[in-house]
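Contents: one structure, followed by commentary.
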Amino acid sequence: MSAPAPSPLAIVDAEPLPRQEEVLSETALAFLAELHRRFTPRRDELLARRAERRAEIARTSTLDFLPETAAIRADDSWKVAPAPPALEDRRVEITGPTDRKMTVNALNSGAKVWLADFEDASAPTWENVVTGQLNLIDAYTRGIDFTDERTGKTYALRPDEELATVVMRPRGWHLDERHLTDAGGAPVPGALVDFGLYFFHNAKRLLDLGKGPYFYLPKTESHLEARLWNDVFVFAQDYLGVPRGTVRATVLIETITAAYEMEEILYELRDHASGLNAGRWDYLFSIVKNFRDAGPGFVLPDRNAVTMTAPFMRAYTELLVRTCHRRGAHAIGGMAAFIPSRRDEEVNKVAFEKVKADKDREANDGFDGSWVAHPDLVPIAMESFDRVLGDRPNQKDRLREDVDVKAEDLIAIGSLDARPTYAGLVNAVQVGIRYIEAWLRGLGAVAIFNLMEDAATAEISRSQIWQWINAGVVLDNGERVTAELARKVAAEELADIRAEIGDEAFTAGNWQQAHDLLLKVALDEDYADFLTLPAYQQLKG
Ligand SMILES: CC(=O)SCCNC(=O)CCNC(=O)[C@H](O)C(C)(C)COP(=O)(O)OP(=O)(O)OC[C@H]1O[C@@H](n2cnc3c(N)ncnc32)[C@H](O)[C@@H]1OP(=O)(O)O
Ligand SMILES: O=CC(=O)O
């Protein structure tokens, strides 16, 4: 029996955008409708499984490798598909949102790869969702060059061969796109919208350019979610008549549950997998979120005091490199949050030193490449990886058979010496308010106190406040963290911001709203799974 015709999707509650018909064409929408019809029910089931698993963690306060997939882990015979030429050498990857300027700057940055971000570095306004897709199409058709009317600066792409390879990051499974609904009024998952539009418009064009439709998959919590992505890829390739195996996906290992299923995730995606990435910030968020009520042994100190050399973080990255190389996949390092400043030499010096130390460690540990958040950091990371890789495109031959990570090593959180501080609480509140305010203005990534902040880093801040209150943490100054203390600190921060930027700018911004939202997601007993879920309800556009 043939499948029923896809229900038409409606664009709802959205002002028309210039050139939107180029992205939201009839044929593209029919493809999205088909993706939605086939895969959203399974997405819904998998979200329900997430909740069951979290309930299990709340009951047991532990995690282990899965007994039912032991045979996959024990089987030495399988490998992932060989990397396509454009993804053989990934020694430096720059990340960032897909606005027009960032698109040109990232492609020109000298990095091997650009993670074009529709996820944590992008607030999902309809405009960002649609024009981000247009910018990528314009980049591939070489129609993106422009002059910034505000500054008069002109932006033009360098010749083809020097451009970074794009690996596009769609939204995670949990976020819906409220501006696209089916006949029953149900929204289409943002992941399918972002993936679908990008794949539909660019897959063939990218093949003609000698590249391909490459993706970063965020916030995956299990190998079953990876299986869903694999099925989406198979269907999408067949639909467009593109050979199976053309898509390549790099999975972010950035949830604590996925860390126990790295092998299985690669196995599910083996015909489409090209690597794993150590998404450290979401990983910390996931640890706090999942063990938020597991007692004092799971309380993390101040966010900025948890470094990649903490034993449980090291266990995670070592296992990731070992797993990838055993299976022929690239292991890609994470984001050092220090941002340089073209105006402040001292800030620059600190950023360069910190990023160099981070990238040196990753290169020495066997990673094949790593992320930077800013073009001025590309040469720093390049040097770290050039030193170790030389002329080789990667170091997948370093199998790291010396690595032996046990289940308990990944959650040995109590092994840290540092304890939460009052300054850490203040910083969490400051970052939370300032980040949410920017997000409500449509900015998904911002520099705050010379650190890159995005949805993942802000999630850690608000979750730590929640956890510290729940665990009755006593800070270094002797104060117990309570909801009242958090409210007092937030009120002080709001007053400080008003004094800093003046009444006019304060009123023009979303500061009170951001303050209220932060307190909601940090204090509500009913912990929101993602801060972007309630924030999206309030996002205009
Ligand atoms: C945990 C995770 O998920 S990490 C991945 C998600 N996060 C990100 O991708 C963050 C990426 N980084 C950024 O968005 C930016 O670097 C920010 C917001 C942190 C700082 O940006 P700015 O304040 O514009 O920095 P700054 O003023 O120093 O920028 C200098 C120039 O570099 C450009 N630039 C800065 N970062 C980037 C980037 N990541 N990609 C491309 N260009 C960039 C700016 O556009 C600017 O260009 P211009 O000179 O033509 O105007
Ligand atoms: O997405 C990356 C992370 O560090 O989080």
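Side-chain atoms are counted along with the backbone in the values below, which use heavy atoms only and exclude waters and symmetry mates. Counting starts at 1 for both ligands and their atoms, in listed order.
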Parallel, tilted or perpendicular: rings of Tyr198 and Phe215 (30°, 60°): perpendicular

Part of Thr95 within contact of ligand 1 (heavy atoms, under 4.0 Å): both

Pairing of Arg441 and Glu437 as salt bridge, 4.0 angstrom limit: yes

Polar side chain donor-acceptor pair, Glu453 to Thr457, under 3.5 angstrom: yes

Ala445 neighbourhood, listing ligand 1 atoms whose heavy-atom distance to it stays under 4.0 Å: 10 (C), 14 (O), 18 (C)

Protein non-hydrogen atom below 4.0 angstrom of atom 9 (O) of ligand 1 present: yes

Polar side chain donor-acceptor pair, Arg100 to Asn135, under 3.5 angstrom: yes

Ligand 1 contacted by Glu459 (non-hydrogen, < 4.0 Å): no

Asn290 side chain near Phe298 side chain, heavy-atom distance below 4.5 Å: no

Sidechain-backbone polar pair: Asp120 side chain, Asp454 backbone, donor-acceptor under 3.5 Å: no

Shortest protein heavy-atom distance from atom 4 (O) of ligand 2, along with the residue and atom involved: Trp281 N, 2.8 Å

Location of contacts on Arg169 toward ligand 2, heavy atoms closer than 4.0 Å: side chain

Heteroatom proximity flag, Asp282 to ligand 2, N/O under 3.5 Å: yes

Location of contacts on Lys101 toward ligand 1, heavy atoms closer than 4.0 Å: side chain

Ligand-residue contact atoms, ligand 1 with Lys153, heavy atoms, under 4.0 Å: 48 (P), 49 (O), 50 (O)

Basic-acidic side-chain contact under 4.0 Å: Glu493, Arg434: yes

Distance flag for atom 16 (O) of ligand 1, protein heavy atom under 4.0 Å: yes

Donor-acceptor pair, side chain of Asp302 and main chain of Asn304, under 3.5 angstrom: no

Criterion ring-ring contact (aromatic ring centres under 6.0 Å, His included) against Trp371, the qualifying member of Phe385, Tyr216, Trp114: Tyr216

salt_bridge(Asp368, Lys396) N-O dist < 4.0 Å: no

Candidate with minimal heavy-atom separation from atom 3 (C) of ligand 2, of Pro218, Gly279, Ala455, Ala121: Gly279

Non-hydrogen protein atom less than 4.0 angstrom from atom 23 (O) of ligand 1: no

Side-chain (Asn128) to main-chain (Ala123) donor-acceptor, under 3.5 angstrom: yes

Test item: side-chain donor near acceptor, His223 and Glu268, under 3.5 Å: no

Distance-only N or O hit between ligand 1 and Trp281, under 3.5 Å: no

Protein contact to atom 38 (C) of ligand 1 [nearest heavy atom, distance to 0.1 Å]: Met102 SD, 3.5 Å

Ligand 1 to Gly96 polar contact by distance, N or O atoms, under 3.5 Å: yes

Gap separating the CD atom of Gln395 from the CG atom of Asn364, nearest 0.5 angstrom: 8.5 Å

Any N/O pair Ala373/ligand 1 closer than 3.5 Å: yes

Ion pair check, Asp529 and Lys219, cut-off under 4.0 Å: no

Side chains of Trp173 and Arg50 in contact at under 4.5 Å (non-hydrogen atoms): yes

Subset of ligand 1 atoms that lie under 4.0 Å from at least one heavy atom of Met452: 4 (S), 7 (N), 10 (C), 19 (C)

Side-chain touch Arg342/Asp376, heavy atoms, less than 4.5 angstrom: yes

For ligand 1, the portion of Val446 having any non-hydrogen atom under 4.0 Å away: backbone

Atom 33 (C) of ligand 1 - nearest protein heavy atom and its distance: Asn105 ND2, 3.7 Å

Close approach, Thr457 and ligand 1, non-hydrogen under 4.0 angstrom: no

Met335 contact mode with ligand 1 (heavy-atom cut-off under 4.0 Å): side chain

Which of the ligand 1 atoms, numbered from 1, are nearer than 4.0 Å to a heavy atom of Pro97: 14 (O)

Enumerated ligand 2 atoms positioned under 4.0 Å from heavy atoms of Glu254: 1 (O), 2 (C), 3 (C), 5 (O)

Intermediate values then yes/no, salt bridge (Lys or Arg N to Asp or Glu O under 4.0 Å), Arg49 and Glu225: CA-CA 10 Å; Arg49 281 184 82 108; Glu225 296 180 17; over 6 Å; no

Numbered atoms and elements of ligand 1 in range of Arg169, under 4.0 angstrom, heavy atoms: 3 (O), 5 (C), 6 (C)

Test item: side-chain donor near acceptor, Thr250 and Arg90, under 3.5 Å: yes

Spatial distance of atom OG1 (Thr309) from atom CZ (Arg314) [nearest 0.5 Å]: 7.5 Å

Charged N-O contact under 4.0 Å between Glu383 and Lys359: no

Polar contact flag for His374 and ligand 1 (N/O pairs, less than 3.5 Å): yes

Lys289 versus Ser463, side-chain donor and acceptor atoms under 3.5 Å: no

From the candidates Ala447, Ser122, Pro218, the one that places a heavy atom nearest atom 20 (C) of ligand 1: Ala447

Residue Tyr155 vicinity, atoms of ligand 1 by number, heavy atom under 4.0 Å: 48 (P), 50 (O), 51 (O)

Heavy-atom nearest option to atom 35 (C) of ligand 1, drawn from Pro375, Ala106, Ser109: Pro375

Min heavy-atom dist Met335 to ligand 2 below 4.0 Å: no

Structural part of Trp114 in contact with ligand 1, heavy atom criterion under 4.0 angstrom: neither

Ligand 1 versus Arg342: contacting region, heavy-atom distance under 4.0 Å: side chain

Side chain, backbone, both or neither: the part of Trp371 lying under 4.0 Å from ligand 2 by heavy atom: side chain

Close N or O approach (Asp454, ligand 1; < 3.5 Å): yes

Numbered atoms of ligand 2 (with element) below 4.0 Å of Ala456, judged on heavy atoms: 5 (O)

Heteroatom distance test (Arg343, ligand 1): nitrogen or oxygen, under 3.5 angstrom: no

Subset of ligand 1 atoms that lie under 4.0 Å from at least one heavy atom of Asp117: 6 (C)

Proximal ligand 1 atoms for Ala121, defined as those under 4.0 Å from one of its heavy atoms: 6 (C), 7 (N), 8 (C), 9 (O)

